Structures are given as C-alpha cells and as structure tokens.
Amino acid sequence: MDLGLKGRTAIVCAASKGLGRACAEALAAEGVALVLNARDPARLKQTAAEIAAAHEVEVTAVAGDIASAAGRAALLAACPAPDILVNNAGGPAPGRLTSWCADDWSNALESNLKAPVAMLAAVLDGMAARGFGRVVNITSSVVRHPIDVQGLSVAARAGLHGLVSTLVRAHVGRNVTINNILPGPFATDRLISNFTFRAKQDGVSPEAALAARRAELPAKRFGEPQELGRLCAYLCSAHAGYISGQSILIDGGAHPQLL
Ligand code: NAP
C-alpha cells in the first residue's frame, strides 16, 4: 500500500537506534525526508547516512539532547515546519519509590513528559495551518499495564497521555492527528538494560532473565523494531486522518485484557 507520504518531512526524535530508528526507516521507505535527533553525534551521523543510502531520501542529523531546550531548538531550526513528528526519548531509570532521587525524577519528567509536550507546542499550530500533520508519541505498555519497577516511566508517560487527550479534538478537523504507540517488549538495547537490572535483582544472568521472559511471552519472541516502525508509518500516512487520540498497544498479546 502506498502510504501517500512521498515528499513529506518528518522530525524523528531519539532515532539513532532502536524504536526511533525503526520509525525513521519506515518513513524513509515511504519517501519521507527526515530530520533525526539523538545525543551521540557519531552514531547519529552513521544512522543518517545508512538510511539516506538505503532509501534515497534526504536525511539530516541534528545531534542534541531532546530533554534540553537547546537540543529542541536546534532540531526545530533544521526543520521548522515538519509534516510529521515522532516523539521519542530514552526511558526512565527503573527502581523503587524510595530509591529514585530528585535527578531521576527530573530526568524522567524532562525526557518523557516535558520534551514531547514542548515539541507538540512547537509544531501543532503550523501543521493545522497547513492542513496536514501527524504526531506519534512512543511511550510504553506500562502506561496501561504498570510494572512495579517502572514507576517513573508510568508517572511521566501517563502525564503525556493525559495532555494528548485534551489536544486531539481541536486539531483533527485540520487533518492533524496525535496518537501514542505503547510498545511491549521489543528487541532493543533498552530491553537488554532493563533485563540487566531485573537479573541483578533476581540473582541470575541477564541472558537467563531474557530467555525466561521470552519463553513466557505468548508470541515466544520479542517484538522486532521494524514491526513498530511500520505501525508508526501507517499512523503517519495519508490514510490515517480519522485515527486520532488512540493509544495503540503493540505487545504480541503479552498483556491480557478484555478486547
Ligand atoms: P534504545 O534502543 O536504547 O534507543 C534509544 C535511542 O534514543 C537512541 O538513539 C539514543 O541515542 C536516543 N536517546 C536517548 N535519550 C535521548 C535524549 N535525551 N535525547 C535524544 N536522544 C536520546 O531504546 P528503545 O528500546 O528504542 O526505546 C525507545 C523508547 O521506547 C524509550 O523511551 C523506552 O523506554 C520505550 N520503550 C521501549 C521498550 C522496549 O522493549 N524496547 C518497551 C517499552 C517502552 P543517544 O543515546 O545517542 O542519545
């Protein structure tokens, strides 16, 4: 299916690897020009070059911390009028209520709540004026199915979901949609670092913790980032203008729920 995105421009935050990169690749495959962000300039530059070569689209790398005003300003200066915004950032530190320090709270709120909100504030009016806009926020399945050690993630991301729910109706009439993708366990570095934390708690090796989790998943595997990337591209497509304000769980059936 042609997603009707050829010639569009997207900002993809936190996109040098993992789920952000997969979203960037899926959009590039549809002919979308990209402006990519991540903190490590060397890895971001390499990712940008690889995507540009594979898909013959313009890919601009703007290194910076999406949690900082300067990082966001640089990104928006490179792409002041995006058609598509994919909000993403690193996830908060796992832990316990009594172990998170003020910096942990500040990092989680800056990266996973205030940064996407600031990006939304910067782009929504322009999208509405131009009559096309797609925003996808990558959040987490923990917003719907909390995990005890992911309290910071739940707290910050639930705030973003709440805010989005107040924005949808004012924008959908101008063909601007905002949706959240809630990943379950996907095979990325983030998953491995989470399992390293859990393995330490349980006194087993990270490999054993990963294997045990894989075995208990209904799909018997972790999600592939490309699967999430293609969902993101569809939500950004010309055909998805009637889907807005949705939080779409992509977890291989890992979380039981009434349909
Ligand atoms: P990942 O493989 O570790 O990739 C993270 C990407 O984000 C990298 O490109 C990293 O590059 C960039 N990044 C991190 N912090 C940043 C910042 N402050 N500013 C700009 N770029 C930043 O992680 P992932 O698995 O793709 O996870 C992406 C998001 O989905 C996270 O919020 C994670 O919590 C969430 N999530 C993941 C899973 C999963 O199973 N993988 C499940 C639920 C939710 P630099 O380090 O160079 O900045």
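Note that the structure is predicted; figures quoted are calculated from it, not measured. In listed order, ligands and their atoms are each counted from 1.
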Sub-4.0 Å atoms of ligand 1 with respect to non-hydrogen atoms of [X]:
X	answer
Ala14	6 (C), 7 (O), 9 (O), 12 (C), 13 (N), 21 (N), 22 (C)
Arg43	11 (O), 45 (P), 46 (O), 47 (O)
Ser16	8 (C), 9 (O), 11 (O)
Leu19	26 (O), 30 (O), 37 (C)
Gly184	38 (C), 39 (C), 40 (O), 42 (C), 43 (C)
Leu191	40 (O)
Asp65	17 (C), 18 (N), 19 (N)

Would you mind telling me if ligand 1 is within reach of the side chain of [X], the backbone, both or neither, using heavy atoms under 4.0 Å?
X	result
Asn88	side chain
Pro185	backbone
Ala89	backbone
Glu110	neither

Pairing of Arg230 and Glu227 as salt bridge, 4.0 angstrom limit
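No, no charged N to carboxylate O under 4.0 Å.
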If you measure from the Lys or Arg side-chain nitrogens to the Asp or Glu carboxylate oxygens, is any gap between Glu50 and Arg21 under 4.0 Å?
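Counted as a salt bridge, because a side-chain N and a carboxylate O are separated by less than 4.0 Å.
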Which one of Ala38, Ser153, Pro94 has a non-hydrogen atom at the shortest distance from atom 21 (N) of ligand 1?
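Nearest option to atom 21 (N) of ligand 1, by heavy atoms: Ala38.
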Considering only heavy atoms, which of Thr139, Asn112, Ile138 lies nearest to atom 36 (N) of ligand 1?
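Ranked by closest heavy atom to atom 36 (N) of ligand 1, first place is Thr139.
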Taking the side chain as every heavy atom from C-beta outward, state whether [X] and [Y] have any pair of such atoms under 4.5 Å apart.
X	Y	result
Arg43	Lys17	yes
Ile51	Thr47	yes
Cys101	Asp103	yes

After noting the C-alpha distance and the side-chain angles of Arg134 and Asn175, does the key distance pass the side chain to side chain donor-acceptor pair (under 3.5 Å) rule?
CA-CA 8 Å; Arg134 300 285 185 263; Asn175 194 19; 3.1 Å; yes
Any atom of ligand 1 sitting under 4.0 Å from a heavy atom of Gly64?
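Under 4.0 Å: yes for Gly64.
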Aromatic rings Trp100 and Trp105: how do their planes relate, parallel, tilted or perpendicular, breaks at 30° and 60°?
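Judged by the thresholds at 30° and 60°, the geometry between Trp100 and Trp105 is perpendicular.
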Do any N/O atoms on [X] end up under 3.5 angstrom from N/O atoms on ligand 1?
X	result
Asp40	yes
Pro92	no
Ala67	no
Arg157	yes
Lys17	yes

Identity and separation of the nearest protein heavy atom to [atom]:
atom	result
atom 41 (N) of ligand 1	Thr188 OG1, 2.9 Å
atom 19 (N) of ligand 1	Ile66 N, 2.9 Å
atom 20 (C) of ligand 1	Asn37 OD1, 3.2 Å
atom 39 (C) of ligand 1	Phe186 N, 3.7 Å
atom 16 (C) of ligand 1	Arg39 NE, 3.4 Å

Using the rule side chain to side chain contact (heavy atoms under 4.5 Å, CB included), only one of Ile138, Leu36, Asn137, Leu75 pairs with Cys13; which is it?
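That would be Leu75; it is the only one of Ile138, Leu36, Asn137, Leu75 passing the side chain to side chain contact (heavy atoms under 4.5 Å, CB included) with Cys13.
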Verify the distance criterion only: is there a donor paired with an acceptor across the side chains of Thr139 and His161 at less than 3.5 Å?
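His161 and Thr139 do have a side-chain donor-acceptor pair below 3.5 Å.
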Does Phe195 have Arg198 sitting over its ring (NZ/CZ under 6.0 Å from centre, angle to axis within 45°)?
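Pair Arg198/Phe195 counts as cation-pi.
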